[in-house]
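The structure appears below as C-alpha coordinates.
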Amino acid sequence: MTKLSVNVNKIATLRNSRGGNVPNLLRVAKDIELFGAQGITVHPRPDERHIRYQDARDLKKLVTTEYNIEGNPIEKFMDLVLEIQPTQVTLVPDAVDAITSNAGWDTIANRTFLREVISTFKQNDIRTSIFVDPDSKMVEGAAETGTDRIELYTESYAKAFAQGNLKGIDPFIKAAQIATQLGLGLNAGHDLSLENIKYFKENIPNVLEVSIGHALICESLYFGLENVINMYLNKLK
Ligand SMILES: CC(=O)[C@@H](O)[C@H](O)COP(=O)(O)O
Ligand SMILES: NCC(=O)COP(=O)(O)O
(Lines give C-alpha, C1' and ligand atoms only; values in the text may rest on other atoms or scores of the structure.)
(Ligands and ions follow the chains in the order given, each with its own letter.)
Protein backbone atom coordinates (compact mmCIF):
# COMPACT_ATOMS: atom_id res chain seq x y z
CA MET A 1 0.00 0.00 0.00
CA THR A 2 1.30 3.47 -0.86
CA LYS A 3 0.49 6.04 1.81
CA LEU A 4 -0.36 9.63 0.87
CA SER A 5 1.42 12.13 3.12
CA VAL A 6 0.21 15.67 2.47
CA ASN A 7 2.86 18.37 2.79
CA VAL A 8 1.18 21.42 4.37
CA ASN A 9 3.99 23.92 3.77
CA LYS A 10 1.83 25.93 1.37
CA ILE A 11 -1.01 26.24 3.84
CA ALA A 12 1.51 27.97 6.10
CA THR A 13 2.67 30.12 3.17
CA LEU A 14 -0.90 31.39 2.67
CA ARG A 15 -1.39 31.93 6.40
CA ASN A 16 1.87 33.86 6.78
CA SER A 17 1.04 36.13 3.83
CA ARG A 18 -1.36 38.12 6.04
CA GLY A 19 0.36 37.69 9.40
CA GLY A 20 -2.69 36.16 11.07
CA ASN A 21 -3.97 32.59 11.52
CA VAL A 22 -6.13 32.15 8.42
CA PRO A 23 -6.11 29.48 7.09
CA ASN A 24 -5.70 27.71 10.41
CA LEU A 25 -2.90 25.24 9.73
CA LEU A 26 -3.82 22.88 12.56
CA ARG A 27 -7.46 22.69 11.49
CA VAL A 28 -6.49 22.07 7.85
CA ALA A 29 -4.09 19.31 8.87
CA LYS A 30 -6.81 17.69 10.99
CA ASP A 31 -9.26 17.88 8.09
CA ILE A 32 -6.67 16.44 5.70
CA GLU A 33 -6.49 13.39 7.93
CA LEU A 34 -10.30 13.22 8.17
CA PHE A 35 -10.46 13.32 4.34
CA GLY A 36 -8.35 10.13 4.26
CA ALA A 37 -4.71 11.11 3.92
CA GLN A 38 -2.39 8.72 5.77
CA GLY A 39 0.23 11.27 6.77
CA ILE A 40 1.20 14.90 7.27
CA THR A 41 4.55 16.25 6.10
CA VAL A 42 6.20 19.55 6.99
CA HIS A 43 9.50 21.06 5.95
CA PRO A 44 10.44 23.76 8.49
CA ARG A 45 13.18 25.68 6.71
CA PRO A 46 15.76 27.74 8.67
CA ASP A 47 14.12 31.03 7.62
CA GLU A 48 10.68 29.69 8.64
CA ARG A 49 9.26 31.12 5.39
CA HIS A 50 6.25 28.85 5.74
CA ILE A 51 6.22 26.14 8.43
CA ARG A 52 7.50 27.61 11.67
CA TYR A 53 9.27 25.53 14.29
CA GLN A 54 6.30 26.10 16.60
CA ASP A 55 3.94 24.75 13.90
CA ALA A 56 5.95 21.55 13.88
CA ARG A 57 5.57 21.28 17.67
CA ASP A 58 1.84 22.07 17.56
CA LEU A 59 1.15 19.54 14.80
CA LYS A 60 2.70 16.76 16.85
CA LYS A 61 -0.17 17.12 19.35
CA LEU A 62 -2.86 16.54 16.75
CA VAL A 63 -1.47 14.37 13.95
CA THR A 64 -2.83 10.84 14.42
CA THR A 65 -1.59 9.39 11.12
CA GLU A 66 2.10 9.40 10.18
CA TYR A 67 4.03 12.59 10.92
CA ASN A 68 7.01 13.28 8.65
CA ILE A 69 9.37 16.19 9.26
CA GLU A 70 11.76 17.07 6.44
CA GLY A 71 14.84 19.23 6.55
CA ASN A 72 18.58 19.72 6.40
CA PRO A 73 20.01 18.26 9.63
CA ILE A 74 21.52 21.47 10.96
CA GLU A 75 21.75 21.60 14.76
CA LYS A 76 18.49 23.44 15.39
CA PHE A 77 16.64 21.06 13.07
CA MET A 78 18.12 18.05 14.86
CA ASP A 79 17.08 19.49 18.23
CA LEU A 80 13.54 20.17 16.97
CA VAL A 81 13.06 16.66 15.61
CA LEU A 82 14.46 15.01 18.75
CA GLU A 83 12.10 17.18 20.83
CA ILE A 84 9.05 16.34 18.72
CA GLN A 85 9.75 12.64 18.03
CA PRO A 86 7.77 12.37 14.75
CA THR A 87 7.04 9.07 12.99
CA GLN A 88 9.70 9.83 10.40
CA VAL A 89 12.43 12.35 9.66
CA THR A 90 13.47 12.93 6.05
CA LEU A 91 16.94 14.41 5.58
CA VAL A 92 17.21 16.88 2.69
CA PRO A 93 20.51 18.60 1.68
CA ASP A 94 18.89 21.97 1.02
CA ALA A 95 20.91 25.18 0.99
CA VAL A 96 19.50 27.78 3.38
CA ASP A 97 18.53 30.08 0.47
CA ALA A 98 17.15 27.38 -1.84
CA ILE A 99 13.73 28.37 -3.20
CA THR A 100 12.78 24.70 -2.85
CA SER A 101 14.46 21.33 -2.60
CA ASN A 102 16.58 20.89 -5.72
CA ALA A 103 18.95 17.96 -5.15
CA GLY A 104 19.36 14.68 -3.38
CA TRP A 105 22.23 13.78 -1.06
CA ASP A 106 25.67 12.75 -2.24
CA THR A 107 25.47 9.71 0.00
CA ILE A 108 29.05 8.71 -0.73
CA ALA A 109 30.73 12.03 0.10
CA ASN A 110 28.47 12.49 3.15
CA ARG A 111 28.47 8.89 4.36
CA THR A 112 30.10 9.49 7.76
CA PHE A 113 27.94 12.53 8.52
CA LEU A 114 24.74 10.78 7.48
CA ARG A 115 25.63 7.68 9.49
CA GLU A 116 26.01 9.79 12.64
CA VAL A 117 22.78 11.75 12.10
CA ILE A 118 20.76 8.65 11.21
CA SER A 119 22.13 6.77 14.19
CA THR A 120 21.03 9.59 16.51
CA PHE A 121 17.46 9.53 15.18
CA LYS A 122 17.22 5.73 15.15
CA GLN A 123 18.40 5.62 18.77
CA ASN A 124 15.34 7.79 19.45
CA ASP A 125 13.01 5.42 17.57
CA ILE A 126 12.44 7.87 14.74
CA ARG A 127 12.22 6.26 11.31
CA THR A 128 14.76 7.77 8.93
CA SER A 129 14.57 8.56 5.23
CA ILE A 130 17.09 10.39 3.05
CA PHE A 131 16.28 12.39 -0.06
CA VAL A 132 18.20 11.01 -3.05
CA ASP A 133 18.30 11.36 -6.80
CA PRO A 134 17.35 8.24 -8.80
CA ASP A 135 21.03 7.37 -9.14
CA SER A 136 22.09 3.77 -8.46
CA LYS A 137 25.36 4.83 -6.82
CA MET A 138 23.55 7.23 -4.50
CA VAL A 139 21.03 4.53 -3.58
CA GLU A 140 23.85 2.09 -2.84
CA GLY A 141 25.54 4.81 -0.77
CA ALA A 142 22.29 5.38 1.11
CA ALA A 143 22.23 1.74 2.19
CA GLU A 144 25.68 2.28 3.74
CA THR A 145 24.32 5.04 5.99
CA GLY A 146 21.96 2.76 7.89
CA THR A 147 18.86 4.67 6.86
CA ASP A 148 15.51 2.91 7.04
CA ARG A 149 14.25 4.41 3.80
CA ILE A 150 15.13 6.64 0.88
CA GLU A 151 12.89 9.26 -0.68
CA LEU A 152 13.36 9.37 -4.45
CA TYR A 153 13.50 13.00 -5.62
CA THR A 154 10.90 12.96 -8.38
CA GLU A 155 11.32 16.38 -10.03
CA SER A 156 13.08 14.93 -13.10
CA TYR A 157 10.24 12.41 -13.56
CA ALA A 158 7.60 15.14 -13.26
CA LYS A 159 9.37 17.39 -15.78
CA ALA A 160 9.81 14.57 -18.30
CA PHE A 161 6.19 13.45 -17.87
CA ALA A 162 4.94 16.99 -18.47
CA GLN A 163 6.90 16.98 -21.76
CA GLY A 164 5.31 13.68 -22.78
CA ASN A 165 8.53 11.75 -22.17
CA LEU A 166 7.48 8.53 -20.41
CA LYS A 167 11.07 7.30 -20.30
CA GLY A 168 11.67 9.71 -17.45
CA ILE A 169 10.48 6.90 -15.20
CA ASP A 170 13.33 4.57 -16.21
CA PRO A 171 15.96 5.75 -13.66
CA PHE A 172 13.33 5.47 -10.93
CA ILE A 173 12.48 1.88 -11.83
CA LYS A 174 16.17 0.95 -11.62
CA ALA A 175 16.74 2.90 -8.40
CA ALA A 176 13.65 1.31 -6.81
CA GLN A 177 14.84 -2.17 -7.75
CA ILE A 178 18.26 -1.54 -6.18
CA ALA A 179 16.71 -0.02 -3.05
CA THR A 180 14.48 -3.05 -2.60
CA GLN A 181 17.37 -5.46 -3.16
CA LEU A 182 19.32 -3.59 -0.46
CA GLY A 183 16.44 -3.71 2.00
CA LEU A 184 15.66 0.01 1.87
CA GLY A 185 12.08 1.22 2.25
CA LEU A 186 10.96 3.44 -0.62
CA ASN A 187 9.36 6.88 -0.42
CA ALA A 188 9.03 9.44 -3.20
CA GLY A 189 8.26 13.12 -3.55
CA HIS A 190 8.65 16.53 -5.16
CA ASP A 191 6.44 17.81 -8.00
CA LEU A 192 4.20 14.77 -7.97
CA SER A 193 0.68 15.68 -9.09
CA LEU A 194 -2.74 14.34 -10.09
CA GLU A 195 -1.47 14.17 -13.67
CA ASN A 196 1.68 12.14 -13.06
CA ILE A 197 1.02 10.11 -9.90
CA LYS A 198 -0.83 7.18 -11.47
CA TYR A 199 1.93 6.37 -14.01
CA PHE A 200 4.53 6.65 -11.26
CA LYS A 201 2.63 4.25 -9.02
CA GLU A 202 2.02 1.79 -11.88
CA ASN A 203 5.77 1.62 -12.55
CA ILE A 204 6.98 1.78 -8.93
CA PRO A 205 4.33 -0.37 -7.21
CA ASN A 206 6.25 -0.89 -3.96
CA VAL A 207 6.58 2.76 -3.02
CA LEU A 208 5.55 3.00 0.64
CA GLU A 209 4.83 6.73 0.86
CA VAL A 210 4.45 9.67 -1.47
CA SER A 211 4.64 13.13 0.07
CA ILE A 212 2.84 15.72 -2.02
CA GLY A 213 2.28 19.37 -1.28
CA HIS A 214 2.63 22.10 -3.89
CA ALA A 215 0.56 20.54 -6.69
CA LEU A 216 -2.04 19.14 -4.28
CA ILE A 217 -2.73 22.53 -2.71
CA CYS A 218 -2.88 24.21 -6.14
CA GLU A 219 -5.24 21.52 -7.46
CA SER A 220 -7.43 22.02 -4.40
CA LEU A 221 -8.07 25.61 -5.48
CA TYR A 222 -10.12 24.18 -8.36
CA PHE A 223 -11.44 20.83 -7.07
CA GLY A 224 -11.53 21.30 -3.30
CA LEU A 225 -9.21 19.73 -0.75
CA GLU A 226 -11.40 16.74 0.12
CA ASN A 227 -12.00 15.89 -3.53
CA VAL A 228 -8.31 16.18 -4.42
CA ILE A 229 -7.21 13.96 -1.55
CA ASN A 230 -9.69 11.30 -2.62
CA MET A 231 -8.56 11.66 -6.24
CA TYR A 232 -4.99 10.93 -5.13
CA LEU A 233 -6.09 8.01 -2.96
CA ASN A 234 -7.96 6.49 -5.91
CA LYS A 235 -4.94 6.87 -8.17
CA LEU A 236 -2.70 5.24 -5.55
CA LYS A 237 -4.84 2.10 -5.19
C1 LIG B 1 11.95 17.64 0.10
C2 LIG B 1 10.87 18.16 -0.75
O3 LIG B 1 10.83 17.95 -1.94
C4 LIG B 1 9.80 19.02 -0.17
O5 LIG B 1 9.95 19.25 1.18
C6 LIG B 1 9.84 20.33 -0.85
O7 LIG B 1 11.10 20.84 -0.63
C8 LIG B 1 8.81 21.24 -0.37
O9 LIG B 1 9.45 22.42 0.09
P10 LIG B 1 8.77 23.83 -0.27
O11 LIG B 1 7.29 23.67 0.09
O12 LIG B 1 9.51 24.81 0.59
O13 LIG B 1 8.95 24.00 -1.74
N1 LIG C 1 9.02 15.34 0.01
C2 LIG C 1 8.22 16.03 -0.99
C3 LIG C 1 7.20 16.88 -0.32
O4 LIG C 1 7.05 16.81 0.88
C5 LIG C 1 6.34 17.76 -1.13
O6 LIG C 1 6.99 18.20 -2.30
P7 LIG C 1 6.04 19.05 -3.31
O8 LIG C 1 4.86 18.16 -3.64
O9 LIG C 1 5.60 20.28 -2.58
O10 LIG C 1 6.91 19.31 -4.52
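Here the structure is a predicted model, which is why all the values come from computation and not from measurement. For reference, positions follow the sequence shown, starting with 1. We use all heavy atoms of the structure for the numbers below, so side chains are in, but hydrogens, waters and symmetry mates are not. Atoms within each ligand, like the ligands themselves, are counted from 1 in listed order.
The heavy atom nearest to atom 5 (C) of ligand 2, considering only S211, G189, G39, is found in S211.
Ligand 1 places these atoms under 4.0 Å from at least one heavy atom of H50: 10 (P), 11 (O), 12 (O). Close approach of ligand 1 to F131 (heavy-atom distance below 4.0 Å) involves ligand atoms 1 (C), 3 (O). Annotation for ligand 1: atoms under 4.0 Å from non-hydrogen atoms of N9 are 8 (C), 9 (O), 10 (P), 11 (O), 12 (O). Residue S101 approaches ligand 1 through these ligand atoms, each under 4.0 Å from one of its heavy atoms: 1 (C), 2 (C), 3 (O), 4 (C), 6 (C), 7 (O). Residue-ligand proximity, E70 to ligand 1, at heavy-atom distances under 4.0 Å covers atoms 1 (C), 2 (C), 4 (C), 5 (O). Ligand 1 places these atoms under 4.0 Å from at least one heavy atom of K10: 10 (P), 11 (O), 13 (O). The distance from ligand 1 to the heavy atoms of N7 drops below 4.0 Å at these ligand atoms: 5 (O).
Ligand 2 has an N or O atom lying under 3.5 Å from an N or O atom of E151, backbone or side chain. Remark: ligand 2 and D191 share an N or O pair separated by less than 3.5 Å (distance only, no angle test). On a distance-only criterion, D94 and ligand 1 share no N/O pair closer than 3.5 Å. Among the atoms of G213, some N or O lies under 3.5 angstrom from an N or O of ligand 2.
Residue contact check for ligand 2: I212 places a non-hydrogen atom closer than 4.0 Å to it.
Contacts between R49 and ligand 1, counted as non-hydrogen atom pairs separated by less than 4.0 Å, are absent for every part of the residue. By the criterion of a heavy-atom distance under 4.0 Å, neither the backbone nor the side chain of H214 is placed next to ligand 1.
Hydrophobic clustering of Ile, Leu, Val, Met, Phe, Trp and Tyr side chains at less than 4.5 Å, counting indirect connections, unites I51 with L82.
Among all protein heavy atoms, the one lying closest to atom 6 (O) of ligand 2 is H190 CA, 3.7 Å.
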